Amino acid sequence: MAETPKESPTPAQDHALAGLRDQIDAVDRELLKLLNQRAALAQAVGGIKKQQGSLVFRPEREAAVIAGLKAHNPGPLQSDTIAPIWREIMSACRALETPTRVAYLGPAGTFSEQASLGFFGSSIVRVPCTSIDEVFRVTSAGAADFGVVPVENSTEGGVARTLDLLLSTPLFIVAETSLFVRHNLLRVRNDLAEIEAVVAHPQALAQCQGWLAQHLPHAERRPVSSNAEGARLAAQDAKLAAIASDRASSEYGLHIVAPAIQDDAHNRTRFAVLTQPELHPSPRASGRDCTSLVVSVLNRPGALHDLVVPLKTHGVSMTRFESRPARSGGQWEYYFYIDLQGHPDEAHVARALKELRDCCAFFKVLGTYPLDTH
Ligand SMILES: O=C(O)C(=O)C[C@]1(C(=O)O)C=C[C@@H](O)C=C1
C-alpha cells in the first residue's frame, strides 16, 4: 500500500524541488556531453588498435579504470556502485569500436547471463548456449569472442564440467567475475502444496538441499540443463517448482513462493571469461592479478609438498587448490587446479612458475588475468 504523505507539500518545497530537478537536468546534459567526448576518445583508441591489428577488449585497462575511480571517489556515491556504472559506460564505448559477442549458459534469465551482462555491460551481442560444453565449442570455433562459464561456487565448490573442459581445450582465461547467487523457489501457484518435483540445475539443487529437505522432503529433485530451463518447464506445469533468479521469475511469469532459499546466505559463484589464445594475448599485469594453473605430479612420496615449495620460496600466495580425478584407469591420480596471486611479468612469480613447472609431470597455465573488480 502506498504511504500517505504526512503533510501536503508547501509551495516553498515545490519550488525547491523544481529548482533541484532543473539542476539535475543541467548536470545530465553536461554528463551526456562528457560521455560523448569519452566515446569519441574510445573510438580514436579503436582506430589506432585497428591499425595495429590489436584487440579492443582490454580487461586489465578496464580493471585499472574502475580501481582508479573507486580510489578517487569523493562520494556521496557509494564505491560499490562505481564498477557497474563504468562497466556500462565502457560497454557502450567498446561497442563503438567493435561488437563483442559473448557466449554463456542460457536461456534468458540464467546467472551466467547475469554474470556476462554484469561484466561486459549490456552493449554486447548475446550468444546463449544450451550447455557449458557448447559455450566452449562456440568460443573455440570463433562464433563468440568470449565465453563466460561458472568455475566455482562458495557452497558447492568447483564446477566439474568447466574444470574438465579447461584442461582439455585450448581456451584460456582472460578475466574473472563473481556474482551473489540468490535462489528462489518459483512456481505458477503461489504456495508449496502439491509440488511433485523441483526442477533446477544440479548445482542449484545442491546449494538449496537443506531448505528442500526441510520444506519439500517428498518432492522429487529433477536436474535440468539450467535454472532458466527449469523455470521454463515450471511455467508450463503447476506440479513443478523451479529454483532460479529474480530475473527468471519475471522472465517466465512465475511467483516467488519462497525467496532466498540457498543454504548459505553469502552464496557466490565465480565465473571465468574465456577466449582463444591466438586471437587474444594474455592481459598485461594490472597490479592485482591471478594466475590459474592445472598440474599433475608423479605418484611418489613428497610430490605434493614439492609443489608448494617454490611458492613459499618466492613469496607467492596460493588462493585456491582443488583436485579432480585424472581418469587414468582407476590409478587414483589427480589434476590439481591452482590459483596464484600475481602475474608472470613479475619476477618472483616467473621464478616460482619455472620451479613449479620443473617438478610437475603435467603443467598448463589456464590464464593470467586481473582480479574481480566488483
Ligand atoms: O583503453 C582502451 O584500450 C579502450 O579501448 C577504451 C576502453 C574504455 O572505454 O575505457 C574500452 C575498451 C577496452 O576494453 C578498454 C578501455
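Owing to the predicted nature of the structure, the values given are computational and were not obtained by experimental measurement. Below, each value reflects all heavy atoms present in this structure, side chains not excepted, and no hydrogens, waters or symmetry copies. Counting starts at 1 for both ligands and their atoms, following the listed order. When a residue number appears, it is its place in the shown sequence, counting from 1.
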Once side chain to side chain donor-acceptor pair (under 3.5 Å) is applied, do any residues pair with Glu194, and if so which ones, sequence neighbours excluded?
Arg189

Side-chain ion pair, Lys33 and Glu30, N-O less than 4.0 Å
yes

Chain-and-number sorted residues having a heavy-atom contact under 4.0 Å with ligand 1 are Arg38, Val45, Lys49, Val56, Phe57, Arg58, Arg61, Glu62, Met90, Cys93, Arg94, Glu97

Could you tell me whether Asp164 and Arg324 have a side-chain N and a carboxylate O separated by less than 4.0 Å?
yes

Sidechain N-carboxylate O distance under 4.0 Å for Arg187, Asp191
yes

side-chain contact (heavy atoms from CB on, under 4.5 Å) against Thr10, all qualifying residues, sequence neighbours excluded:
Ala12, Gln13

Apply side chain to side chain donor-acceptor pair (under 3.5 Å) to Asp306 and list each qualifying residue two or more places apart in sequence or on a separate chain.
Arg300

